[in-house]
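Some notes on the structure that comes next.
Proteins get letters first, then strands, A, B, ... in listed order; numbering begins at 1 in each.
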Amino acid sequence: MIDTQILREQPEALRASQERRGDPVSHVDDAIAADSARRTAIGEFESLRAQQNASAAQVGKASKEERPALIAAAKELAQQVKDAQAAANDAEAAFEAAAARIANIVIDGVPAGGEENFVTLEHRGPRTSGDTVAPLDFEPRDHVDLGESLKAFDLARGAKVSGTRFYYLTGIGMRLELALMNMALDKTLDKGFTPVTTPTLVRPEIMQGTGFLGEHASEVYYLPADDLYLVGTSEVALAGFHADEIIDLEQPKRYAGWSTCYRREAGSAGKDTRGILRVHQFNKLEMFAYVNPADAEAEHERMRDIQTDLLDACELDYRVIDVAAGDLGSSAARKFDIEAWVPSQGTYRELTSTSNCTTFQARRLKTRFKDEDGKNRPVATLNGTAATTRWIVALLEQHQQADGTVRVPEALQPYLGGLTALEPIPTP
RNA sequence: GGAGACGUGCCGGAGCGGCCGAACGGACUUCACUGCUAAUGAAGGGUCUCGUGAAAACGGGACCGGGGGUUCAAAUCCCCCCGUCUCCGCCA
């Protein structure tokens with residue numbers, strides 16, 4: 001939810017932001033019109049209501065003889081109040097609908113334009129020089145090939161039991177996932193995050209409040225029998241954690257949520273159908289922070305640094321991109337994605353993402369803090385991936401050896417009982 | 001799954017349909033008293049929103065789990081939902 005104060009006082013900032021996102025600028029003017037209509041309607045209702053309150057008080061004080069006349073007069077007023085209230089409610093709803101169409105104000109410096117207009121901030125990794133990654137000196141196998149020979153996952157049986165885009169992680173695959181998650185957990189603990197396992201089924205209000213029923217609505221699994229949604233990320237549950245609260249922000253509140261994530265992948269039929277790159281269910285450790293809005297940008301960089309540290313620990317080649325305005329979710333004011341090199345595809349694929357939602361999400365969820373003047377103001381929220389199942393793809397592909405083994409980066413070895421290489425398991 | 005009880009402000013806890021934004025405690029803030037702390041006395045409070053105002057303020061409206069309804073008038077009566085608790089049953 002945008003700030004109505006800004007809507008009234010600095011509509012230009014909103015228009016400029018819409019422009020950079022490639023969203024209709026007219027939404028801003030629609031919302032301004034709806035806001036003033038709503039204020040007029042509320043004003044009418046409230047003055048009638050004030051009259052009604054006064055006349056009801058008179059009835060209460062009146063003697064038995066005076067009452068019938070007063071009540072008759074009040075009856076008429078009651079109907080007017082009812083009508084005015086209905087009108088005010090409608091105007092309020094219309095305003096909210098209009099305001100909801102406006103996305104968060106993009107932070108200065110975010111590249112304008114669509115998906116392809118991202119700006120690369122950095123290329124990094126052991127085989128990276130400049131903006132290119134040195135090729136392997138043998139023909140790379142893809143992660144499916146590698147994973148199957150290592151018996152790290154079982155795609156056929158995943159499909160048999162649950163359908164396409166489902167899989168079993170088996171043996172070393174399962175351990176690798178846990179190793180990544182645990183390494184990330186230790187890192188976030190070190191950085192002051194409180195670990196939490198979150199609910200993966202949430203109520204409609206929470207799904208709505210976090211913004212996932214907007215443009216992502218078709219991505220979300222819904223259980224009609226219980227009126228609950230399956231979360232696509234623990235961001236949902238972590239954002240809802242402090243909903244309707246006034247929290248203490250002397251120190252930022254940082255949580256690391258561990259959960260399974262569910263995504264319908266509705267619009268992506270035929271895309272990434274092979275392997276575990278794009279699946280309906282996976283695990284993720286998600287960072288989430290509540291901070292003073294003044295500190296949001298610094299916190300965003302802090303999250304990005306945690307992410308690059310983790311990728312570095314995995315000895316991966318990757319690039320960090322500043323996502324263009326048009327490719328941001330409606331809640332995000334800025335987003336950094338980190339994409340790892342995938343040799344078999346000769347391209348970069350997203351492993352992490354971190355968004356600064358400024359006060360947009362918190363306003364909708366009613367999460368506030370007391371500022372220096374003791375006023376209640378919405379907090380800023382930020383989220384970012386610490387590790388997901390998908391990292392296995394980059395890990396297998398980038399660390400594959402000519403002999404079919406996969407090297408285990410040093411930092412990950414303690415989480416795998418000291419294992420230094422993953423060995424193929426022959427099928428009898 | 002069945003039966004019942006309950007949900008009031010930061011906390012506890014009252015509340016005949018009008019005199020209830022809400023008694024009374026406690027906590028908190030300010031002031032007074034005290035050499036300091038404690039104790040004591042006095043005063044003050046929440047949230048959202050609209051309007052006037054440069055602002056401090058002032059005035060209006062709303063908020064007693066949420067949403068509807070009845071009524072001139074609802075914390076109080078009725079309905080639905082959500083949540084908490086107790087008992088019984090069921091499954092582990």
Side-chain angles (χ1 to χ4, degrees), chain A residues 1-10 31-100 198-210 213 222-229 231 236-237 240-250 253 290 293 359-379:
Chain A
M1 186 77 173
I2 49 144
D3 184 352
T4 48
Q5 199 79 11
I6 289 179
L7 181 70
R8 287 169 203 162
E9 291 166 15
Q10 307 160 52
I32 290 171
D35 179 45
S36 83
R38 140 184 176 266
R39 284 199 278 177
T40 307
I42 288 175
E44 280 166 14
F45 158 66
E46 286 183 353
S47 71
L48 280 170
R49 184 61 153 169
Q51 283 180 49
Q52 187 188 33
N53 284 345
S55 78
Q58 277 190 330
V59 174
K61 275 186 252 155
S63 65
K64 268 218 167 71
E65 301 76 55
E66 297 169 323
R67 280 202 182 195
L70 285 170
I71 288 177
K75 224 167 204 163
E76 217 164 301
L77 195 56
Q79 188 54 47
Q80 287 181 49
V81 170
K82 211 164 219 174
D83 294 345
Q85 178 157 39
N89 286 348
D90 289 351
E92 180 73 38
F95 167 69
E96 266 165 36
T198 61
T200 51
L201 287 168
V202 301
R203 302 174 165 220
E205 312 87 90
I206 298 295
M207 211 55 167
Q208 183 75 53
T210 46
L213 291 185
Y222 174 59
L223 275 53
D226 301 283
D227 196 20
L228 289 169
Y229 291 90
V231 299
V236 176
F241 195 60
H242 289 300
D244 292 312
E245 291 182 26
I246 295 171
I247 58 173
D248 176 22
L249 275 191
E250 276 299 302
K253 288 201 183 298
Y290 295 87
T359 57
F360 190 87
Q361 195 175 50
R363 194 168 290 107
R364 206 163 27 191
L365 289 164
K366 300 190 177 63
T367 303
R368 295 171 295 167
F369 75 108
K370 286 208 185 299
D371 71 7
E372 303 69 36
D373 304 324
K375 285 194 63 171
N376 295 328
R377 288 171 44 213
V379 303

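- Between A:H242 and A:Y290, the two ring planes are perpendicular [angle over 60°; tilted spans 30° to 60°].
- In this structure A:V231 satisfies the side-chain contact (heavy atoms from CB on, under 4.5 Å) test together with A:T200, A:V202, A:V236, sequence neighbours excluded.
- Side-chain proximity of A:R368 to B:rC48, B:rG60, B:rG83: nearest is B:rC48.
- The CZ atom of A:R38 sits 13.5 Å away from the CG atom of A:D90 when rounded to the nearest 0.5 Å.
- Across the interface with RNA chain B, nearest-nucleotide mapping of A:D35 and A:K75 shows A:D35 to be the residue nearer the 5′ end.
- For A:R38, counting side-chain heavy atoms from C-beta on, the closest listed nucleotide (B:rU49, B:rC82, B:rG61) is B:rU49.
- Dashed line: the shortest gap from a side-chain N or O of A:R203 to OP1 or OP2 of B:rC82 is not under 4.0 Å.
- Between A:N376 atom CG and B:rC63 atom C1' there is a gap of 15 Å when expressed in whole angstrom units.
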Pull out every protein N or O sitting under 3.5 Å from an N or O of nucleotides 73-80 of chain B, one pair per line with the distance.
| unit_1 | atom_1 | unit_2 | atom_2 | d |
| --- | --- | --- | --- | --- |
| B:rA73 | OP1 | A:Q52 | NE2 | 3.4 |

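- B:rG67 and B:rG4 have their C1' atoms separated by 24 Å, with the value rounded to a whole Å.
- For the P atoms, the distance linking B:rC11 with B:rG66 amounts to 14 Å, nearest Å.
- One atom, CZ of A:R363, and another, C1' of B:rU49, lie 15 Å apart when rounded to the nearest Å.
- Using Watson-Crick or G-U wobble geometry with both donor-acceptor distances under 3.5 Å, B:rG35 finds no partner in any strand shown.
- Using a 4.0 Å heavy-atom cutoff across all strands shown, A:R377 reaches no nucleic acid atom at all.
- Here B:rA62 presents its C1' atom at 11 Å from CD of A:E92, a figure rounded to the nearest Å.
- Atom name C1', nucleotides B:rA27 and B:rA62: the rounded distance is 28 Å, in whole Å.
- Across all strands shown, B:rG45 remains unpaired; no Watson-Crick or G-U wobble contact has both distances below 3.5 Å.
- For the pair A:E44 CD and B:rG60 C1', the computed distance is 15 Å after rounding to whole Å.
- Where A:N89 and A:I42 meet RNA chain B, the nucleotide closest to each residue was compared, and A:I42 sits on the side nearer the 5' end.
- The closest side-chain heavy-atom distance from A:E44 to A:T40 is below 4.5 Å.
- In this structure, CG on A:D244 lies 9.5 Å from CD on A:E205, to the nearest 0.5 angstrom.
- The partner of B:rG12, taking Watson-Crick or G-U wobble pairs whose two distances both stay under 3.5 Å, is B:rC24.
- Between A:R8 atom CZ and B:rC50 atom C1' there is a gap of 9 Å when expressed in whole angstrom units.
- Expressed to the nearest 0.5 Å, how far CZ of A:R39 lies from CD of A:E46 amounts to 12.5 Å.
- The partner of B:rG1 is B:rC88, by the rule that a Watson-Crick or G-U pair needs both atom distances under 3.5 Å.
- To the nearest whole angstrom, the two C1' atoms, one in B:rG9 and one in B:rA22, are 9 Å apart.
- Using C1' as the reference atom, B:rU70 and B:rC88 are 36 Å apart when rounded to the nearest Å.
- Spacing of C1' atoms, B:rG65 relative to B:rU84, comes out at 11 Å, to the nearest Å.
- Rounded to an integer number of Å, the gap from A:N53 CG to B:rC20 P is 14 Å.
- Using C1' as the reference atom, B:rU71 and B:rC78 are 12 Å apart when rounded to the nearest Å.
- The A:E46 side chain lies nearest to B:rG61 when the options are B:rC72, B:rG61, B:rG51.
- When heavy atoms are screened at a 4.0 angstrom cut-off, A:K82 is found touching the sugar-phosphate backbone but no base atom.
- Pairing for B:rC72 goes to B:rG18, judged as Watson-Crick or G-U wobble with the two contacts each under 3.5 Å.
- The side chain to side chain donor-acceptor pair (under 3.5 Å) check on A:R368 picks up nothing, with sequence neighbours excluded.
- Taking atom NZ on A:K366 and atom C1' on B:rC63, their separation rounds to 13 Å, with Å as the unit.
- Once rounded to the nearest 0.5 Å, the distance linking CG of A:L365 with CD of A:E245 reads 11.0 Å.
- Going from the P atom of B:rG12 to that of B:rG68 covers 27 Å, rounded to whole Å.
- Anti is the classification of B:rG69, since its glycosidic angle lies more than 90° from 0.
- Side chain to side chain, A:N89 and A:Q85 fail the donor-acceptor criterion of an N or O pair below 3.5 Å.
- Distance A:Q85 CD to B:rA62 P: 9 Å, rounded to the nearest Å.
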